[in-house]
Every structure is written in C-alpha cells, then in structure tokens.
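Fair warning: this is a prediction, and the values are worked out from it, not measured in the lab. Residue numbers start from 1 in every chain, and the chains themselves are labelled A, B, ... in the order their sequence lines are given, proteins ahead of strands.
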Protein chains: 2
Amino acid sequence: MAQEAKPKAVRGPRIDARRNRQRLLETAKATFAEKGEAAGLEEIARLAGVGIGTLYRHFPTRDALVEAVYRNETQQLAEAAAELATTHAPVEALRAWMRIFVDHIATKQLMAGVLGSIVGDCSDLYADAGTQIKTAMAMLVDRAVANGDIRLDLDPLDMLRALAGVASVSAGPNWEASAKRLVDILIAGVRTPGGEGQ
Amino acid sequence: MAQEAKPKAVRGPRIDARRNRQRLLETAKATFAEKGEAAGLEEIARLAGVGIGTLYRHFPTRDALVEAVYRNETQQLAEAAAELATTHAPVEALRAWMRIFVDHIATKQLMAGVLGSIVGDCSDLYADAGTQIKTAMAMLVDRAVANGDIRLDLDPLDMLRALAGVASVSAGPNWEASAKRLVDILIAGVRTPGGEGQ
DNA sequence: GGTATAAATGGAGGCCGTCTCCGTTTAAAT
DNA sequence: ATTTAAACGGAGACGGCCTCCATTTATACC
C-alpha cells in the first residue's frame, strides 16, 4: 500500500499524445477560421498529420473539439473584461468589451456556436466557455448598474442574447459597421432614461 | 409555325404533381416545426406518402424546400406589417411587428435560417422571402423615422440583424420573456434622445 | 541496454444524412 | 384506344460523424 505517498505516482500523458493534441487544436482553429465550422474532421486530422482515430481519442465528439478551440478565445475575452473594468468608465467598458467581442467573431468565424449554447439553455457543451463569458458580462453590467448608468432591471444574459444577434451578422461583407451600430443601439437602449445623456 | 398564337400552348402541371407538391409542403412544415430543421428529407417524403425522388423533383435541394415552406410565413408577416401600419402609431407598430416576428419563431422553430440569409449577404437562397421581410421592416422604420420617433440614421437592415439575435434565443425554456425584453431594449435604443420620452 | 506494459495510434467500416439516375407508371392530348 | 411525355420512386453514389481494434511506441523497471 501507500504508493500514493510517491509524488509522481500518476503517469503523465505521453509526449507524443501531448504534441498531437496541440497540433490538432492549432489545425482545428485555423481550419475553422478558414472554412467555418462546417469543416470536416477528417480533413483536420489529415492536415494535422494524424489519423481520424487519434482526433477522436483526444476529442470524443465534434463539439468537444470546437469547445476546446473556443476555450482559448473565451480566456482572452474574460481577461479583456477585467482589464477594461479598470481602465474605462463602466458603461464605456461595457461598450468596448462588446466591440471586442464582435471583433473576435470577425477575425475568426468561431464563437457563434458557443454563444448559441450560452443563450440557449440546457446543453452542457461549451459549459466552461459559457461560464467565463457570462461572468465577464455580469461583472461589466453590474458595474454599470452600480454607477447608475444603465437600467437596474437589466439581465446580463440579455446582453449576451443580443450579442448573439450581432454574431449572426458575421457573414456579410461590410458587416463590421453594422455590428458597431448594433452595439451602440443596445447601449443606448439600456441606459437610464434620465442619465447623463448620450 | 405559329402554334404560339394558341392561348393554351403550354401544358399545365399534372394534377398528381400539384397534389404531391402540396402534400410535401404541408408535411415539411409540420415536420420542421416538430423536429427542427434537422429533420431528414427521406422521412418527410415517407410521411407525405411519396418517394424521395419525387421530393427532389419538386424541390431540387434541401434549401429549396425550406424556402418554399417559409414563403407562407413571410407572406403572413408582410401582411401583418401592412395591417399594423394602419392601426398603430409608428413606433408601436414597429414594436408590435417585432414581437409578432418572435412569436412566429416561437411557435414554429422555422425562420432562423431565413433570417440568417437575410442579414448575411450573398446567398440567394431565401431571396424572395428575404425581400418581403426587408420591405416590411423598411416600411415600418420609415414611418417611425418620418414621425420623428426614432433616429434618422437607422438602417432597417440593422433592426433585422438585431432580430436575428432574438431569434437565436429560441432554444431556451422561458425565452419569450427575454425576447420581449430585447425588443424593448432595441426600441429604446433607436428612439430619438429628446423624443416624447419612454 | 533489454524487456514488459499500457498508452497512443490510425484507418477500415458502420451509420445516417443529401442528392442522382433511370426504368416504370400514369395523366392527358389526340 | 393509342400515343406521349411528364411524374414517380427507390436503389445506390457520395460524404459527413463516429467506433472498434490490431498495431505501434513511449515509458518504467530491471
């Protein structure tokens, strides 16, 4: 007994496994960005130089792969929210973060799936990613509410739902202007009526 | 030569063809509503009592079938817009129409695809349906702008883009409340700042 | 170094979609 | 009744997602 006292009782993952997982993530991110989420998994495996079986060993379902790719993005987004909260006035931080959000959607076409699952309900795919995003948004909204800039009764989730709309615009040609207009409309829509004016 | 002078030179479609087309449309509408857009075409064909080949004869692609199903809905929506324009004040007509829109999305799960293609860009699928919706929205927005209720610089398409967001909420359990809140936020966001107050 | 062992690999094949092709059936014109 | 072309329908091609398992390979222990 008592092997558990040994610091390295558990065998870590093999280095080829770790390397293949990393290659798959990078390839998947690039391929999703280029061809949209419709990209085939077999192609991703081929581009990564591994077999399809290996891909499924690391990511048991298509959604698991997508979520893993997103985890990076959501991480960055959460950090950006924290940063903005310290450098901008509440309502401007909110606006800026929403714009960063749509920028992320712009460059990589990802994220729409995550958003859908956040604002949808039950499915636990993307659960982690969803939590990070929700937390970030709630923090920004709470700050703005506490400062009296926006409605008291605003559900942070509603802002995410609205962003999901902005996200679905991402196909169009000059859609970035539209996305910014929409963010502004949303911000204007949630401000307190008697506030410091637009 | 000169058969073309005859009024009925062109042979109309056979009655069994017309009947099967109608049955396919009804079955597709019911099946899409029940199982979402993921419903299989072979199942729809079977439920309609025709072969898969017949389905594809009438609707060459999956998208063609979906669009045909939607054409009905968009027709109703366009008529509702005209009606509301005569019975409500401009901005309230806009709000009411947007709510009707989300109700349509609620009862039948359709429409998300159409919206996506409207606010997206190029794809000419759903082209007709898109035009009807765009026209209806433009009419309502123009009326509200002319009345001085909402911003002059509002692109009607932006409102549709926003609605696309509301549409993507349709999965959740008590999503209707969210959808209504979002519509109200959008309306508040596009009102003129010094307007008659909310 | 050599060997045992379990983790990791990869691709053949199952399943289930969309869509095509073509021999057969059938409504309608004469 | 006969002719004709439109309409039918289902077998099967093709391409996705995902499973299974024989083979390969990194690591632990002599």
By the salt bridge (charged side-chain N to carboxylate O under 4.0 Å, His left out) test, which pairs, at least two apart or in different chains, include something from residues 83-96 of chain A? A:E92-A:R95, A:R95-A:D184

Under the salt bridge (Lys or Arg N to Asp or Glu O under 4.0 Å) test, residues paired with B:R57 that sit two or more places apart: none

Look at the side chain of A:H58 and decide which nucleotide, out of D:dC8, C:dT9, C:dA8, has an atom nearest to it. C:dT9

Using a heavy-atom cut-off of 4.0 Å across all strands, would you classify A:L55 as base, sugar-phosphate, or nothing? nothing

From CZ of A:R19 across to P of D:dT25 the rounded distance in Å is 12 Å

Tell me the interatomic distance from A:I15, atom CD1, to C:dT9, atom P, rounded to whole angstroms. 11 Å

From CZ of A:R23 over to P of C:dT9, roughly how many Å is that when rounded to an integer? 12 Å

Ignoring hydrogens and geometry beyond distance, is the side chain of B:R14 in donor-acceptor contact with the base of D:dA6 at under 3.5 Å? yes

Would you mind listing every side chain to side chain donor-acceptor pair (under 3.5 Å) that reaches into residues 45-56 of chain A, with sequence neighbours excluded? none

Using the test side-chain hydrogen bond (donor to acceptor under 3.5 Å, both in side chains), find all partners of A:E43 that sit at least two apart in sequence or belong to another chain. A:K35

Partner residues of B:D16 under the salt bridge (Lys or Arg N to Asp or Glu O under 4.0 Å) criterion, sequence neighbours left out: B:R14

Should B:L152 and B:V91 be regarded as members of a common hydrophobic cluster, given that ILVMFWY residues are connected when their side-chain heavy atoms come within less than 4.5 Å of each other, either directly or indirectly? yes

Nucleic acid footprint by protein, nucleotides 9-20 of chain D - heavy-atom cut-off 4.0 Å, B for base, S for sugar-phosphate alone: BBB-----BBB-

